[in-house]
> 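What follows is a structure written as structure tokens; I'll ask about it next.
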Amino acid sequence: MDGFQAYGAGKAGGAFDPLTFIKQPQTVIRILCWLFSIVILGCIANEGYVNRPEEVEEYCIFNRNQNACNYAVAMGTLCFLCSAGFLALDVYFPQISGVKDRKKAVMADIGVSVFWSFIWFVGFCFLANQWQVSKAEDNPLNEGADAARATIIFCFFSIFTWGGVSLLSLERLKRVSYEEEYNKLFTPPLS
């Protein structure tokens with residue numbers, strides 16, 4: 001049962017090794033998800049709203065559609081929090097000694113990761129469409145164009161990073177399920 005120590009009770013109560021944690025593929029991809037959400041949020045918050053010289057009120061750079069900027073800000077914020085929460089769960093995961101609890105954590109990770117991959121796909125399509133139909137006269141100085149493009153690109157990248165987390169979580173689920181079956185078959189009877 002030595003092969004399961006990273007996923008089960010073998011490591012429960014053990015010391016946390018940050019270097020090993022950072023080197024895990026799931027951690028690297030989850031940190032990328034976290035960083036991409038910061039970039040998206042930062043681009044919209046910093047340069048996503050512009051105004052014409054004769055106007056006082058700012059409007060969204062994406063076709064003057066406030067919903068586009070609101071969507072990006074909301075999803076960037078929620079994704080940032082979700083990524084941070086699941087990073088914390090990844091730190092805590094080896095300390096979970098119950099196989100059923102680990103399985104629930106992995107199932108939640110899969111569901112959330114698939115959800116975010118879909119949300120970023122919708123966001124990419126929505127923002128790319130709104131950017132495509134934006135009028136040049138709405139932004140004559142071309143302010144924030146790079147930020148808008150960066151937001152669209154990082155929405156696109158987020159689809160694949162969250163998809164990668166989903167696939168790695170599926171692999172983790174297989175290992176946890178195997179460990180559950182192993183424990184059922186090879187646990188000595190209590191006498």
Side-chain angles (χ1 to χ4, degrees), residues 1-45 70-124 150-151 153-190:
M1 182 117 157
D2 291 335
F4 297 111
Q5 288 185 358
Y7 296 97
K11 288 276 189 178
F16 174 70
D17 182 18
L19 191 57
T20 304
F21 176 72
I22 295 291
K23 288 181 180 179
Q24 294 176 349
Q26 186 155 352
T27 303
V28 171
I29 295 176
R30 197 173 308 277
I31 289 172
L32 283 175
C33 294
W34 184 69
L35 290 174
F36 290 171
S37 68
I38 292 171
V39 170
I40 292 166
L41 182 60
C43 286
I44 293 296
N70 291 342
Y71 183 88
V73 167
M75 294 305 106
T77 303
L78 292 173
C79 187
F80 171 81
L81 295 172
C82 189
S83 296
F86 274 97
L87 269 171
L89 179 64
D90 285 346
V91 168
Y92 180 68
F93 188 78
Q95 304 299 322
I96 301 173
S97 61
V99 176
K100 290 186 190 265
D101 293 335
R102 284 193 309 276
K103 196 170 185 179
K104 288 176 187 175
V106 173
M107 293 291 287
D109 191 11
I110 292 169
V112 168
S113 299
V114 168
F115 170 77
W116 277 112
S117 191
F118 174 73
I119 289 297
W120 286 122
F121 174 74
V122 170
F124 167 74
T151 300
I153 291 294
F154 281 97
C155 281
F156 182 73
F157 292 160
S158 292
I159 297 167
F160 297 105
T161 55
W162 281 101
V165 170
S166 301
L167 293 176
L168 291 172
S169 295
L170 280 171
E171 187 63 35
R172 184 187 266 185
L173 179 65
K174 287 179 192 176
R175 286 183 283 222
V176 169
S177 295
Y178 178 77
E179 180 184 352
E180 182 179 35
E181 291 300 317
Y182 182 89
N183 288 343
K184 284 180 186 175
L185 291 174
F186 295 107
T187 302
L190 297 172

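Residue numbers count from 1 along this sequence. The figures here come from the full heavy-atom set of this structure, side chains too, leaving out hydrogens, waters and symmetry mates. All values derive from a computational prediction rather than experimental measurement.
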> With salt bridge (Lys or Arg N to Asp or Glu O under 4.0 Å) as the rule and sequence neighbours excluded, what pairs involving residues 70-86 come up?
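Sorted pair list comes back empty.
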> Supply the atom-to-atom distance I31 CD1 to L87 CG, rounded to the nearest 0.5 angstrom.
5.5 Å
> Atom CD1 in I153, atom OG in S158: separation rounded to 0.5 Å?
11.0 Å
> Listed by chain and number, what are the ring-ring contact (aromatic ring centres under 6.0 Å, His included) partners of F154, not counting sequence neighbours?
F36, F157
> Taking all non-hydrogen atoms of both residues, which atom of I40 and which atom of A72 are closest, and how far apart?
CG2-O, 4.0 Å
> Measure the CZ-CZ distance between F121 and F160 for me, rounded to the nearest 0.5 Å.
9.5 Å
> Tell me whether the count of non-hydrogen atoms from other residues, nucleotides or ligands lying under 6.0 Å of CZ in F21 goes above 12.
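Count over threshold, so yes.
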> Under 3.5 Å, which donor-acceptor pairs do the side chains of residues 76-84 form with other protein atoms, sequence neighbours left out?
from : atom 1 : to  : atom 2 : distance (Å)
T77  : OG1    : V73 : O      : 2.8
S83  : OG     : C79 : O      : 2.9

> D17: what forms a side-chain hydrogen bond (donor to acceptor under 3.5 Å, both in side chains) with it, not counting sequence neighbours?
T20
> Give me each pair satisfying salt bridge (Lys or Arg N to Asp or Glu O under 4.0 Å) with a member in residues 82-93, each pair once, sequence neighbours excluded.
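Passing the test, one end in residues 82-93: R30-D90, D90-R172.
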> Please report the interatomic distance CD(E171) to CD1(I110), rounded to the nearest 0.5 Å.
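Nearest 0.5 Å value for the CD-CD1 distance: 10.5 Å.
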> What distance separates Q26 CD from L167 CG, expressed to the nearest 0.5 Å?
10.5 Å
> Please round to the nearest 0.5 Å and tell me the distance separating atom CG of L173 and atom CG of L168.
12.5 Å
> Under 3.5 Å, side chain of T27 to main-chain N/O of K23, donor-acceptor pair present?
no
> I'd like a table of donor-acceptor pairs (distance under 3.5 Å, sequence neighbours excluded) in which one partner is a side-chain atom from residues 112-120, with atom names and distances.
from : atom 1 : to   : atom 2 : distance (Å)
S113 : OG     : D109 : O      : 2.7
S113 : OG     : D109 : OD1    : 3.2
S117 : OG     : I159 : O      : 2.9

